[in-house]
Amino acid sequence: MKLTKTSVHAALAVTFLADRPADRPTQARQVGEYLGVPTDSALKVLQALVRQNLLRSQLGRSGGYRLHHAPEDISLLQIVEAIDGPIKPDVPVHDFAADASSRTLEALHRTCNNTARFMQQQLAQTSVADLLNNESTDAGLAMAG
């Protein structure tokens, strides 16, 4: 599985915010510095996460961003799908000629569906708290390795 650069930035940003004092909002400039990206790029990521209710934003001089939920209640799946949309199989079965083996295409589509479900499950089982603690779902990693 390949995460987009923006999804990686979003996961890092949420984890950064989770590791900051909850009583003080963090400015987008600080998140941008942490990510090594311009403030405008950080703002786009943060605003997308606010629209999905993963973060809260506060306007004003002492404003900024903070988590909307506890770190253990935000999954990596929520972050990735907030940025990239739902994870789904991408098998262009309609692009093939009618004489192509329909059984083979069906098997390929079924396999891709199963793979997408597995990825969703693994991402859903990994919380921001897990990322902060450098943990992951080892069961899924053992199956992949």
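Val50 has its side chain within reach of Tyr65: a pair of non-hydrogen atoms, C-beta onward, lies under 4.5 Å apart. A heavy-atom distance below 4.5 Å is found between the side chains of Glu81 and Ile87. The shortest side-chain heavy-atom distance between Thr6 and Val45 falls under the 4.5 Å cut-off. By the 4.5 Å heavy-atom criterion applied to side chains, Glu72 and Val128 are not counted as neighbours. When side chains are defined from C-beta on, Val80 does not count as touching Thr4, because their heavy atoms never get closer than 4.5 Å.
Taking NE2 of His69 as the start and CG of Leu55 as the end, the distance is 9.0 Å to the nearest 0.5 Å. Annotation: the span from Leu35 atom CG to Lys5 atom NZ amounts to 10.5 Å, rounded to 0.5 Å. We find the CG-OG1 distance between Leu77 and Thr126 to be 10.0 Å, quoted to the nearest 0.5 Å. Rounded to the nearest 0.5 Å, atoms CG (Leu49) and CD (Gln78) are 10.5 Å apart. For the atom pair Leu123 CG and Ser75 OG, the distance stands at 7.5 Å (nearest 0.5 Å). Separating the NE2 atom in His9 from the CG atom in Leu12 is a distance of 7.0 Å, to the nearest 0.5 Å.
Without hydrogens or angle criteria, Asp130 side chain to Ser127 main chain gives a donor-acceptor distance under 3.5 Å.
Sorted by first then second residue, the side chain to side chain donor-acceptor pair (under 3.5 Å) pairs that include residues 11-20, not counting sequence neighbours, are Arg20-Thr26. Among pairs with a residue in residues 33-53, those fulfilling side chain to side chain donor-acceptor pair (under 3.5 Å) read Arg29-Glu33, at least two apart in sequence or across chains.
Minimum heavy-atom separation, Arg66 to Gln58: NH2-OE1, 3.4 Å. Contact detail for Ser7 and Ile79: the closest heavy-atom pair is O-CG2, 4.4 Å. Here the closest non-hydrogen pair linking Ala28 and Ala42 is O-CB, 3.8 Å. Taking both residues in full, the closest heavy atoms of Pro71 and Ala18 are given as CG-CB, 3.9 Å, listed atom of the first, atom of the second, then distance. Shown here for Pro25 and Gly63, the closest heavy-atom pair between the two residues is CB-C, 3.8 Å.
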*Worked verdict on Arg117 versus Asn114 for side chain to side chain donor-acceptor pair (under 3.5 Å)*: CA-CA 5 Å; Arg117 274 194 298 276; Asn114 291 338; 2.4 Å; yes
*Step-by-step side chain to side chain contact (heavy atoms under 4.5 Å, CB included) determination, Leu54 to Leu67*: CA-CA 6 Å; Leu54 298 175; Leu67 297 184; over 6 Å; no
